[in-house]
There are 2 protein chains.
Amino acid sequence: MSAWGRRPEVLRMTRQRSALTALLEQTPDFRSAQQLHEMLRGQGEAISLATVYRALQAMAEEGEVDVLRGSDSELRYRRCRRGEHHHHLVCRSCGHTVEVTETVVERWAARTAREHGFAAVSHAVELSGLCASCLDKT
Amino acid sequence: MSAWGRRPEVLRMTRQRSALTALLEQTPDFRSAQQLHEMLRGQGEAISLATVYRALQAMAEEGEVDVLRGSDSELRYRRCRRGEHHHHLVCRSCGHTVEVTETVVERWAARTAREHGFAAVSHAVELSGLCASCLDKT
DNA sequence: TTCCCTGCAAAGCTTTTGCAGTGGG
DNA sequence: CCCACTGCAAAAGCTTTGCAGGGAA
């Protein structure tokens, strides 16, 4: 814990950063840092993997991207579309993602926490399944 | 994907395995493989970390333990109270865990998935907060 | 000019695996 | 007697970090 190693006061918009931002802008689904790196290299961008990691980390802290942890050990990122709280419905075959906003779960989480004497409760809800087009391909 | 490297037909109850089982039996909260390993060593058991990992993996496949992936990169395990589908309410300070069974979320997940054309949907729901006793300690 | 950002390479972490020897059934 | 299990150490992934040079503002 601890170690919020000091954060810069401003984020500089460098060539690498804007390339990554642009890529995220046109990428609808969650991608891992390594995938994003490959995509950038693939389109001729000169950028190192470390930079991608650092940029994504910074953007996540700014709330500019959503971070998701799948069943494997890698984090996946996607540009955040909405300010408010939401969850994701992810296709486990192609990665296609739908953002879902719902109050049912929110209320259930709050009630459950209260019943058990917990406070400051946050909840993580992720749905995964097979999307319509992946079902067709079968 | 793939590689369901062949599984043994029977699980042998070795000294290491029963020590781990016993430990899990008396451990109410989720613990990482490394924590469990240390606890075993601490009580004088001779067992390697690799064995702990392999045993937990096997037990997870058998459905004997629940696996949870926290915000960090490590998996945490706990003996599964055999039975129906459930979720967890975990204290982010002490790790104390409460099992929660609820149908509200289940129904919401199913409905949401259907609305978006998804099938074979599974859901992961984890609540984390501060439990009553950790709140008191403050 | 300042000091944030970048690349590279090395290091860190958790988890997995190859191998040869051991022991449960 | 098999062959699953174990320990050890090396390897595998993903991610982070130290350092020195570069480039936004």
Side-chain angles (χ1 to χ4, degrees), chain A residues 1-24 30-41 44-62 64-65 67-78 95, chain B residues 1-23 30-41 44-62 64-78 95:
Chain A
M1 1 248 95
S2 81
W4 279 70
R6 65 186 298 298
R7 241 188 296 186
E9 347 239 298
V10 297
L11 290 186
R12 288 182 183 171
M13 187 49 63
T14 61
R15 174 177 51 76
Q16 293 88 332
R17 221 104 132 169
S18 55
L20 178 56
T21 302
L23 175 58
L24 285 169
F30 282 85
R31 293 283 179 257
S32 69
Q34 316 225 16
Q35 285 178 320
L36 292 168
H37 179 236
E38 271 180 34
M39 293 166 81
L40 287 170
R41 298 299 280 251
E45 271 303 324
I47 183 173
S48 77
L49 182 55
T51 296
V52 173
Y53 274 111
R54 280 189 277 228
L56 287 172
Q57 200 171 272
M59 295 169 87
E61 271 175 13
E62 288 313 299
E64 291 172 28
V65 294
V67 189
L68 198 61
R69 160 158 260 134
S71 52
D72 45 25
S73 63
E74 69 184 18
L75 298 173
R76 300 209 303 292
Y77 303 83
R78 197 187 68 162
Chain B
M1 12 244 90
S2 82
W4 279 70
R6 64 185 297 298
R7 239 187 299 185
E9 348 241 298
V10 296
L11 290 186
R12 288 181 183 171
M13 187 47 63
T14 62
R15 173 177 52 75
Q16 294 87 331
R17 219 101 133 172
S18 53
L20 178 56
T21 302
L23 176 58
F30 282 84
R31 292 283 179 258
S32 70
Q34 315 225 17
Q35 285 179 319
L36 292 168
H37 178 237
E38 272 180 33
M39 294 165 81
L40 288 170
R41 299 299 280 252
E45 271 303 325
I47 183 173
S48 77
L49 182 55
T51 296
V52 173
Y53 273 110
R54 280 189 277 229
L56 286 172
Q57 198 171 273
M59 295 169 88
E61 271 175 13
E62 289 312 301
E64 292 173 28
V65 293
D66 281 339
V67 190
L68 197 61
R69 160 157 259 135
S71 51
D72 45 24
S73 64
E74 68 184 18
L75 298 173
R76 299 208 303 293
Y77 303 84
R78 198 187 68 162

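Residue numbers start from 1 in every chain, and the chains themselves are labelled A, B, ... in the order their sequence lines are given, proteins ahead of strands.
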[Y] and [X], any side-chain heavy atoms less than 4.5 Å apart:
| X | Y | answer |
| --- | --- | --- |
| A:L56 | A:L24 | yes |
| A:E64 | A:T21 | no |
| B:L23 | B:E45 | no |

Hey, is the side chain of [X] poking within less than 4.0 Å of OP1 or OP2 on [N], counting only N and O atoms?
| X | N | value |
| --- | --- | --- |
| A:T14 | C:dC4 | no |
| B:Y53 | C:dT15 | yes |
| B:R17 | D:dT6 | yes |
| B:Q16 | D:dG7 | yes |
| B:Q57 | C:dT16 | yes |

Please work out if A:A46 contacts a base, only the sugar-phosphate, or nothing of the nucleic acid, heavy-atom cut-off 4.0 Å.
sugar-phosphate
How would you label the contact of A:R54 with the nucleic acid (heavy atoms, under 4.0 Å): base, sugar-phosphate, or nothing?
base
Taking [atom1] from [X] and [atom2] from [N], how many angstroms apart are they, rounded to a whole number?
| X | N | atom1 | atom2 | result |
| --- | --- | --- | --- | --- |
| A:R15 | D:dG22 | CZ | P | 14 Å |
| B:R76 | C:dT14 | CZ | P | 13 Å |
| A:L49 | C:dG7 | CG | C1' | 11 Å |

Atom [atom1] in [X], atom [atom2] in [Y]: separation rounded to 0.5 Å?
| X | Y | atom1 | atom2 | answer |
| --- | --- | --- | --- | --- |
| A:Q35 | A:E38 | CD | CD | 7.5 Å |
| B:S32 | B:M39 | OG | CE | 9.5 Å |
| B:D66 | B:L75 | CG | CG | 12.5 Å |

Give me the distances for all protein-to-nucleotides 11-13 of chain D N/O pairs that come in under 3.5 Å?
none

Can you work out whether B:Y77 or B:M13 has the more 5'-proximal nearest nucleotide on DNA chain C?
B:Y77
With nearest nucleotide decided by heavy atoms, which residue, B:R12 or B:A50, maps closer to the 5′ end of DNA chain C?
B:A50
In degrees, rounded to 10°, what is the bend between the two ends of the helix from C:dT1-D:dA25 to C:dG25-D:dC1, using five pairs at each?
40°
Treating B:R78 as the side-chain partner and B:L68 as the backbone partner, does any N or O pair qualify as donor plus acceptor under 3.5 Å?
no
Among D:dT15, D:dG7, C:dC3, which nucleotide sits nearest the side chain of A:L75?
D:dT15
Which of C:dT17, D:dT6, D:dT16 is nearest the side chain of B:T51? It is D:dT6
Where B:R41 and B:I47 come nearest, the two heavy atoms and their spacing:
NH1-O, 2.6 Å
Walk me through whether B:L11 and B:R17 qualify under side-chain contact (heavy atoms from CB on, under 4.5 Å).
CA-CA 10 Å; B:L11 290 186; B:R17 219 101 133 172; 3.3 Å; yes
